[in-house]
Amino acid sequence: MGILSYLLVIPFIGILLLLCLPNKAVFYHRMVSNLITFVVFCVSIYLFSSFSIDPSLQFVEHTNWFSFGSSGGIDYSLGLDGLSLPMLVLTTFVSFIASVASIYIKKRTKTYFSLFLLLEVGMMGVFLATNLFLFFLFFEITFVTMFFLIGIWGYNKKERAAYHFLIYNGLGSAFLLIAIVGIYVVFGSVEYETVRKLVALDIPSPLSWTLFVCLLLAFAIKLPIFPFHRWMLLVHVEAPPSVVIIHAGILLKIGAYGILRFGVSMFSSHMNYIATILVVLGLINLLYGAILAFAQTELKRVLAYSSISHMGIILLGVAAGNVIGLQGAVLQSVSHGLISALFFFLVGALYERTKSTQLEDLGGIAKSMPVYSGILMIASLGLLGLPGLSGFVSEFFSLLGLFEKYPIYAAVGTLGLILAAVYTLRALMEVSFGKQQKIFTTTDIGWKEGLPMFALVLIILSIGIYPDLISHTLNGTLETIASEWRG
Amino acid sequence: MYLTSYLALAAILFCIGLYGILTKRNAVMLLFSVELMLNAVNLNLVAFSRLGFYPNVEGQIFTFFTITVAAAEAAVGLAILIALYRKKETAEADQYNSMKG
Amino acid sequence: MLSYAWTIPLFPLFAFVVQLLLRTKGNKKLVSSLGVVLTFLSFVFSVYLVVHSLVWNQTIPEWKVNWLHIGANVVTVGASFTPIQVAMLFIVSLVSCLVQIYSMGYMKEDKRSNTFFAYLSLFTFSMLGLVIAPNFLELYFFWELVGVCSFLLVGFYFYKESAKQAAKKAFIVTRIGDVGLFIAICLLFWEVGSFDFDVVKQAVDANQLSSGMITLIAILIFVGAIGKSGQFPLHTWLPDAMEGPTPVSALIHAATMVAAGVFLVAETFWLFEESSTALAIVSYIGGFTALFAALIALTQTDIKRVLAYSTVSQLGYMMLGLGSLGLSSGFFHLLTHAFFKALLFLAAGAVIVAYSHEQDIRKMGGLWKQQRWLGIAFLIGAFSIAGIPPFSGFFSKDEIFLAVFQSGRYDLFVAALLAAFCTAFYMFRLFYLVFAGKVTKEKTKTLSWHFKVPIWILALFSVIAGFLQYPKHLISGWLDETTQTALWWIPVVVTLMAVFGIFLAYAVYQKRWVSAHTLAKLSGIGYRLSYRKFYIDECYEALFVWSLKGLGWILMGWDRFFVGGIALFMKSMPIQLSEMSSRIQNGQVQRYILISVIGLLLLLLSITVGRFIS
Amino acid sequence: MNAEFLAFSILSVFAIGGAVFFLNAGKVMHMAIALAFTFFSLAGIYLLLQAEFLAVVQVLVYAGGISILMIFGIMLTKPEEGAPSRSFQYHQWISLATVTGFFVIIMTIIYQTPILTPAGKETSASVKSIGSILFKNYAIPFELASILLLVALIGAIVLARKEQK
Amino acid sequence: MREMVMHLSPEWILLVGIALVLIGEILLHKDSSRSMLGIIAILTVLGSGTLLILQGKEVITLFDGSYTSDPFIRSIKGLLVAGTLFVLLLSWTEKIVAKGEYYLLVLAALLGAMSLISSSDLIFLFVSLELLSLSAYVLVGMQQDRLVSSEAAWKYVIYGGASSAFLLYGMSFFYGLSGTTNLTKISGNLAVAYVNGYELFLYLGFVLLLVGIGFKLAAVPFHMWAPDVYQGAPTTVTTFLAIVSKIAGFIFALRLISMLFASGGLQSILHSMVVPSLLILSMLSMIFGNVTALKQHHLKRMLAYSSIGHAGYMLVAVISILLDKQESSLSSLYYYFVAYLLASAGTFATIHVIAKDRSPDRKVLSGLYKRSPGLAFSLSVFLLSLAGIPFTAGFIGKFTILVSAFGNSMYWLTGTMLLTTVISYFYYFRVIRQMYWQEDEDVSQVTMHWSIGIVITFSLIGTFFFGIMPNVLLQNLSNWIG
């Protein structure tokens with residue numbers, strides 16, 4: 001067992017510990033979860049620091065697992081490259097934050113944290129896996145645990161949300177499974193590298209197109225791309241804050257990661273054909289989400305639609321097809337992960353105090369909660385892509401990349417920047433500016449909530465000021481991908 | 001030509017049995033209809049065993065088994081019906097519908 | 001020492017961090033003086049640079065470090081110190097320092113003054129950063145940052161509904177312009193492969209870019225400038241931005257940030273020079289804005305709004321100058337305007353404080369008698385902006401008129417003259433209404449030295465700044481521009497227009513030979529248009545805000561009913577099927593057999609029929 | 001028109017007639033008797049097919065055993081006659097159509113490709129040959145059949161006996 | 001004779017067991033406990049399993065090939081034995097008056113099932129099938145204090161009688177065309193008939209057979225009996241039907257079809273008719289089974305529909321086997337059997353424990369997470385395995401079937417299978433939801449007999465084990481079969 005396997009095992013230790021604790025020891029449940037997620041985060045930081053910057057796969061682990069049929073076997077293989085590393089670190093970090101943000105969870109904490117840790121395993125596994133089968137397994141873990149996390153600990157319409165999550169993601173994973181089965185049958189392997197090479201050898205056939213479209217659909221639902229977005233709204237609105245942090249922060253990015261990993265990297269020649277379609281879809285997402293975000297009257301819905309809008313930017317970056325665009329897409333994944341984590345943490349803190357996130361009920365929070373609204377301000381500015389915060393870098397890279405081949409589309413895409421400002425500021429101002437609408441018990445945030453928020457702000461700031469922090473590790477891998485795509 | 005006539009007769013009886021099983025309201029008649037269907041099949045088998053491409057005795061042996069099974073089935077079916085009748089107090093087959101959906 | 005010039009913006013940044021940390025607990029006086037002191041250090045350093053660069057004509061070394069990798073390209077971050085930049089450094093740090101001093105008085109009673117000073121420091125940092133940026137990306141970085149500071153400061157009184165709206169408007173409208181700049185930067189990157197000004201300049205000089213592309217990029221950059229500098233049609237945010245505290249108006253919305261657009265055009269002037277179309281657009285928009293805003297300023301009743309429109313108008317002048325190939329004229333006006341407009345705003349702030357936060361000029365009067373020093377200072381500013389010799393405004397305006405005339409755009413020349421007339425009129429309308437006439441308030445507040453010192457310093461600069469260009473063409477020299485031969489009649493005509501404007505104001509508001517009322521009636525619909533700011537806001541409201549809202553509602557319906565409907569359909573289809581299938585399962589065994597036999601029949605048919613067909 | 005054909009015709013008319021009467025008889029008891037008649041006719045047809053052993057078994061098991069069993073069943077359950085419900089009528093028509101369809105298909109297939117008996121290959125199966133094949137080749141099924149009968153026996157007892165509690 | 005005893009020993013021992021139980025039942029006093037007989041039954045089944053293992057890898061054919069037993073068949077028999085063992089263990093607490101007869105019938109049914117899958121002769125097949133069915137009819141109706149039990153038995157016997165008439169009718173045509181009932185010989189004669197223009201008879205015969213097969217598998221549209229019977233039967237019997245009867249039915253179908261159409265001349269029929277009709281059956285089963293399950297409240301009824309859906313999945317594997325005859329498809333089917341067996345046994349066992357005297361409506365599960373976290377967890381795992389979620393055996397099973405199907409270019413079938421799997425998530429997760437986030441009205445502790453504990457534990461471990469270490473089975477399977 002290598003370090004990556006240990007990484008996957010650590011949360012299980014946490015689960016065991018939790019099982020040993022009595023039901024009532026809520027504080028200790030939290031502590032165990034915080035501790036474990038923190039340890040995992042530290043390990044991932046260690047991985048980050050000892051990662052040597054080149055496009056190769058590192059920390060590789062490879063064991064035969066099982067074989068079936070005439071095709072080659074399916075292996076247990078883990079590894080990290082420049083693409084998965086930032087996502088892994090994002091995952092561990094956001095998980096830690098979400099674990100801390102779970103203070104708003106008050107019932108059945110033991111089950112909650114067990115599922116939470118399991119979810120973390122799933123998410124890490126998704127990024128660590130270097131074959132499709134393993135990827136799928138971990139993907140499904142996230143799917144099942146999320147269903148419970150939404151369904152048990154959500155707000156009023158939690159069941160509807162959970163079921164929407166179930167149908168859409170179920171469909172997505174069905175598509176994914178078709179693709180994986182097909183790839184396994186057609187190419188005789190599920191290892192990323194092998195498949196990539198074999199796909200590159202063939203000229204696109206109807207069969208490989210089908211597989212590719214299935215893959216794309218799977219991740220389109222996860223991301224989500226325009227007509228598949230309904231489920232995500234409900235999840236954003238109804239799930240508890242800490243779960244939404246994970247959901248908006250990481251799970252949506254699995255879609256982006258999937259498109260990059262399987263679409264761009266594996267099926268590069270196919271991707272080339274549909275790049276323009278992808279650009280158009282990206283634009284639709286970007287503008288559609290933005291306009292709808294503007295029309296919402298509830299804070300979480302605003303954020304949900306803004307997520308759709310931001311996922312559009314990822315698509316644009318991917319579709320740009322050059323290193324810059326891809327960098328933008330990955331950075332956007334990371335950055336939006338952090339910013340939305342921060343945002344939903346804030347929303348959770350707000351809901352805890354006001355018991356409402358309707359914009360009309362809110363207002364003038366800045367008076368009684370200056371620190372809170374300061375952080376909210378930073379989060380908003382990050383969301384609308386202010387230079388100096390991580391959101392800018394990613395949007396800039398994505399659009400800059402797009403300008404190379406699709407200047408007109410890119411120019412239309414910049415409209416998104418304006419709209420982002422419009423809806424974000426509207427939401428921000430309805431919450432913290434103006435007259436205080438109701439008498440809430442609004443005490444400002446304390447250290448418990450403040451520290452993790454500050455940590456997030458700090459990271460958002462540092463990526464914004466020095467994006468190479470992340471994009472450095474990416475470059476090698478992305479260059480290989482981009483050269484394939486253009487080759 | 002002969003064989004075809006036998007087969008036709010079997011088919012007619014089979015279909016009558018089938019129609020009976022589909023429409024008779026008395027539960028005992030359902031069991032009877034099943035027996036009729038099985039009889040039709042027996043006729044088929046016997047006809048084949050004598051007049052088929054490869055006339056041989058296996059068809060008759062088959063029929064022998066079929067008759068045995070049919071008798072057993074009839075017995076069990078009737079036993080079940082009696083048990084059911086005790087609770088439902090009716091022999092109307094369409095009344096036996098407490099499970100549905 | 002010179003090689004550390006890049007540290008200039010860091011002083012206020014440090015101040016910002018410390019002030020933010022001391023936000024709640026810090027002693028107000030300490031916190032504010034920290035800002036002042038550190039900004040003053042920046043100022044001193046800037047002066048040092050000015051001496052080296054402008055006076056001794058030394059080149060100050062650029063400073064660069066690698067910042068980020070964009071694909072294969074390495075983008076640097078750094079600082080460069082061309083004469084324009086050094087001059088801007090000087091202006092920004094000076095005005096900023098003065099305004100901070102002023103604010104110590106102005107914000108004394110505000111509970112959140114520490115936050116205010118922190119914001120001011122942040123702004124100073126961003127503005128200084130913007131000024132010394134050696135490449136487009138860094139410039140854009142700070143460009144947005146100053147926008148945010150402006151937003152924060154406009155919305156400083158967040159609990160006021162109007163401040164909230166104004167801040168939002170300020171941010172969004174300028175962002176529309178920023179997007180232009182953003183696109184320009186992206187295009188330049190793919191054309192040239194770098195963001196650096198010098199690299200781009202070399203490429204432009206080497207004719208690497210097609211002329212169409214240059215025009216496009218220049219126009220897009222100008223769009224950015226339009227947004228920031230409040231040019232028509234994106235000017236609407238600037239008057240509303242007066243909702244912020246007055247020192248902010250003086251610093252950001254008069255002297256520095258709004259001039260950033262002009263600065264940007266000046267900085268990339270080599271690009272504009274290559275495209276006559278772009279220049280024409282710059283000058284026409286500038287000229288139009290100058291007149292248009294001046295016309296609006298004629299009728300406004302809020303002291304700060306008058307000044308705001310005046311700012312818009314003056315910025316239009318600067319653009320006009322630049323568009324007419326008068327780089328030095330435009331920049332020179334920027335310089336002088338920074339002094340006199342800051343002066344006017346600070347004075348106006350003092351007036352407002354004196355009247356206990358009353359801003360309506362119709363409720364003022366007779367302040368001359370109570371606070372004469374203020375009157376004098378305001379008068380200096382007014383003369384300067386009206387273009388009365390020997391005040392600084394006269395010289396810079398004169399240059400612009402000269403440039404416009406020589407560019408051959410006589411229509412713009414006439415418009416500019418009209419604007420000059422209006423300028424003089426509305427300034428003195430303001431002066432007479434506020435300072436002359438009856439005393440409306442018996443006891444006005446006495447003002448502390450915090451008010452007086454900055455005002456007087458700025459007044460001093462307003463008076464003397466003009467002489468930078470007059471006997472010796474210092475500015476042109478710095479900018480490496482050949483001086484144009486002056487035409488004698490232009491200053492005369494301009495001054496006459498100004499004097500005429502002043503006289504009219506005197507006649508109407510001091511002597512009341514003609515009542516303002518009849519004048520308004522005379523102009524008919526013109527008055528109404530001017531008073532309602534040509535209904536631009538209303539138009540925008542109808543055009544953009546409502547259409548966006550409408551679109552939002554339509555899409556909302558679409559999203560909920562159509563997209564959601566499809567999802568619902570997909571969901572209900574299995575359920576319908578399920579219901580159908582469980583209805584068939586009615587509990588009767590005969591029904592079951594029937595269904596199975598029908599199934600058998602269909603199967604048989606489909607197979608045999610399929611067999612016969614194929 | 002030989003004797004065998006005549007016999008077949010008569011017997012088949014009896015068999016079908018019995019079956020049709022079974023379908024349409026008004027009283028349950030009549031139905032049972034009609035069907036017993038059919039079973040008898042079938043035994044005759046078996047004789048025609050030279051399956052004497054089966055004919056005997058048919059008479060014993062069906063005409064004798066099963067018919068009697070059924071009549072017992074009828075008596076035990078005291079059937080009452082009544083008009084079929086509306087929904088059931090509906091069901092009847094569909095059933096009729098389906099069965100007719102099924103019948104048509106079978107008849108088409110039977111008559112489209114008639115199976116011709118190879119000349120001179122008719123075998124007559126004596127009881128002896130049946131017995132020997134049965135116990136030589138079909139010993140296991142025979143054993144199984146005995147278990148089956150045991151199961152039926154036990155099952156019938158278990159099911160039909162009165163509840164003990 | 002000695003050979004016959006040796007080779008048939010797994011079946012013989014069941015006969016012995018039946019006899020012992022019968023004798024015991026007669027000897028025992030009316031009111032005394034029948035657990036002794038249960039132990040005998042269990043021992044018998046265990047013995048049968050042991051003998052199966054002892055037979056090793058040899059291939060046995062008896063009576064002109066009408067009885068065959070090869071390693072694959074034997075491993076399937078192993079599954080049947082295991083399934084029956086689970087059923088017997090569960091039966092310990094089942095409320096049935098005639099417990100002795102009950103054990104006897106279970107053994108007889110197992111005997112029927114085991115000889116069913118070994119037989120290669122139409123007569124043999126028919127008799128074994130009827131032995132299985134007849135025992136099942138009686139078993140279903142044995143809970144005489146419940147009306148539904150009798151009613152279920154009634155429906156079962158009528159439906160079963162009709163379908164065996166159809167099956168026989170079909171068999172009679174095959175016999176007529178080939179003149180033999182021996183499946184090893186039948187195919188060649190059929191090919192002759194096919195060439196001579198009797199293909200329509202073949203079609204007719206096959207479709208009629210399909211009724212009988214469909215009935216055993218509970219495949220749509222011949223599934224109509226299943227929901228009522230599953231619901232009405234005692235839970236243990238339902239388990240038996242869902243596991244043993246179904247698995248035996250599949251192997252029966254597979255052998256029958258593959259041997260009927262084994263001859264090269266009939267390959268075109270296999271492709272033009274057999275596979276398409278199975279395909280239709282499979283698709284309909286997957287769709288209707290899963291879709292109808294959506295509306296069900298009654299757990300056993302829901303599981304009945306779910307098992308109809310699973311029959312559809314398994315049919316996919318059967319079709320793959322018919323198409324490519326690769327061992328991998330065979331092992332995929334086997335793997336699915338294992339997964340399905342474990343999960344179903346576990347599920348029914350849990351329901352058996354929880355529902356007790358009540359009708360197992362979904363509501364009985366409310367708040368189970370509090371009353372018995374272990375049971376709630378196990379039931380969740382079983383349901384997840386049925387739904388095909390990774391790290392359970394069900395997923396690997398589904399995956400292998402998908403691979404086989406895709407490898408045979410059955411893309412639409414693959415698609416349908418996954419789509420219906422998604423639909424199935426709904427009702428499986430709804431049950432889980434009921435346990436975890438529906439508050440409970442009933443707070444009584446759940447008590448469980450040790451025998452059921454064994455079943456649940458074993459199923460749970462197995463479900464996880466085969467989900468995580470699939471190679472253990474897959475590797476061995478290819479050894480056995482290859």
Side-chain angles (χ1 to χ4, degrees), chain A residues 19 23 64-71 73-74 76 107-108 110-111 115 118 122 125 133-134 136-141 143-144 147-148 150-154 158-159 162-163 165-186 188 206-207 210-211 214, chain E residues 320 324 326-329 331-332 335 369-370 373 376-377 380 384 387-392 395-396 398-409 411 414-426 428-430 432-433 436-438 466-475 477-478:
Chain A
L19 289 181
N23 281 332
N64 290 340
W65 187 12
F66 72 95
S67 57
F68 174 74
S70 50
S71 311
I74 285 172
Y76 171 81
K107 60 167 186 177
R108 294 166 71 183
K110 192 161 137 180
T111 326
L115 281 171
L118 196 60
F133 190 79
L134 216 55
F136 182 77
L137 295 192
F138 288 115
F139 189 74
E140 289 284 282
I141 292 190
F143 169 66
V144 175
F147 174 77
F148 286 106
I150 298 167
I152 302 181
W153 289 275
K158 57 191 178 183
E159 303 219 348
Y163 279 117
F165 177 82
L166 192 69
I167 323 180
Y168 278 90
N169 284 277
L171 268 181
S173 54
F175 281 122
L176 185 58
L177 192 56
I178 291 183
I180 291 173
V181 166
I183 286 170
Y184 183 60
V185 171
V186 176
L207 187 59
T210 315
L211 298 179
C214 283
Chain E
S320 317
D324 69 358
Q326 273 174 11
E327 62 182 63
S328 67
S329 301
S331 51
S332 75
Y335 208 98
Y369 77 94
K370 242 184 215 165
F377 175 74
S380 311
L384 291 179
I389 298 291
F391 296 105
T392 58
F395 170 71
I396 304 282
K398 212 165 257 176
F399 179 75
T400 53
I401 287 184
L402 284 171
V403 168
S404 308
F406 204 97
N408 286 303
S409 312
Y411 305 126
T414 324
T416 315
M417 184 164 167
L418 281 167
L419 200 73
T420 50
T421 305
V422 175
I423 293 175
S424 78
Y425 287 166
F426 252 92
Y428 290 127
F429 277 84
R430 193 154 54 196
I432 300 178
R433 184 207 69 156
Y436 279 97
W437 68 84
Q438 221 69 8
F466 291 119
I468 294 168
M469 313 282 276
N471 220 19
V472 175
L473 190 54
L474 285 173
Q475 204 75 60
L477 268 181
S478 52

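Lettering of chains follows the sequences in order, A, B, ..., and the numbering in each one begins at 1. Computed from heavy atoms alone, side chains included, the values below leave out hydrogens, waters and symmetry copies.
- Inter-residue side-chain proximity for A/Y163 and E/R430 is flagged as met; some heavy-atom pair is nearer than 4.5 Å.
- Contact tally against chain E (heavy-atom pairs below 4.5 Å) for A/I180, A/N169, A/V144: the top residue is A/V144.
- Judged by the 6.0 Å and 45° rule, A/R108 forms a cation-pi pair with E/Y369.
- With chain E as the partner, the residue from A/F139, A/F136, A/F133 showing the most heavy-atom pairs under 4.5 Å is A/F133.
- Put simply, CG on E/L474 and CD1 on A/I74 are 9.5 Å apart, with the number rounded to the nearest 0.5 Å.
- From A/L137, atom CG reaches atom CZ of E/F391 across 4.5 Å, with rounding to the nearest 0.5 Å.
- Taking the six-membered ring where tryptophan is involved, the planes of A/F148 and E/F429 are tilted, since the angle between them lies from 30° to 60°.
- Rounded to the nearest 0.5 Å, atoms CD1 (A/I152) and OH (E/Y436) are 8.0 Å apart.
- In this structure, the side chains of E/P390 and A/F138 stay at 4.5 Å or more apart for every pair of heavy atoms.
- Looking at A/I167, the atoms closer than 4.5 Å to chain E (heavy atoms on both sides) sit in the backbone and in the side chain alike.
- Proximity to chain A (any heavy atom under 4.5 Å) is shown, for E/L402, by both the backbone and the side chain.
- Side chains of E/Y411 and A/L207 form a contact here, defined as non-hydrogen atoms less than 4.5 Å apart.
- Contact of A/F147 with chain E is made through backbone and side chain together, with heavy-atom distances under 4.5 Å.
- Atom CD1 of A/I178 sits about 5.0 Å away from atom CG of E/L418, to the nearest 0.5 Å.
- For E/I423, no part lies near chain A; criterion is any non-hydrogen pair under 4.5 Å.
- Interface remark: A/W153 contributes no atoms to any contact with chain E (heavy atom separation under 4.5 Å).
- Neither the backbone nor the side chain of E/T421 has a heavy atom closer than 4.5 Å to any heavy atom of chain A.
- Here the closest heavy-atom approach between residue A/F66 and residue E/P470 is recorded as CD2-CG, 3.2 Å.
- A search for side-chain contact (heavy atoms from CB on, under 4.5 Å) contacts involving E/L419 returns A/L171, not counting sequence neighbours.
- When heavy atoms are compared at a cutoff of 4.5 Å, E/S409 does not approach chain A at all.
- The distance from the CG atom of A/L166 to the OH atom of E/Y428 is 13.0 Å, given to the nearest 0.5 Å.
- Ring planes of A/F143 and E/Y425: tilted class, angle from 30 to 60°.
- Judged as a side chain to side chain donor-acceptor pair (under 3.5 Å), the pairs with a partner in residues 173-182 of chain A (not counting sequence neighbours) are, in order, A/E140-A/S173.
- Aromatic ring pairs are classed by plane angle as parallel below 30°, tilted from 30° to 60° and perpendicular above 60°; the pair E/F399 and A/Y184 is tilted.
- Once rounded to the nearest 0.5 Å, the distance linking CD1 of E/I468 with CH2 of A/W65 reads 8.0 Å.
- The choice from A/A174, A/G151, A/G170 that makes the most heavy-atom pairs within less than 4.5 Å of chain E is A/G151.
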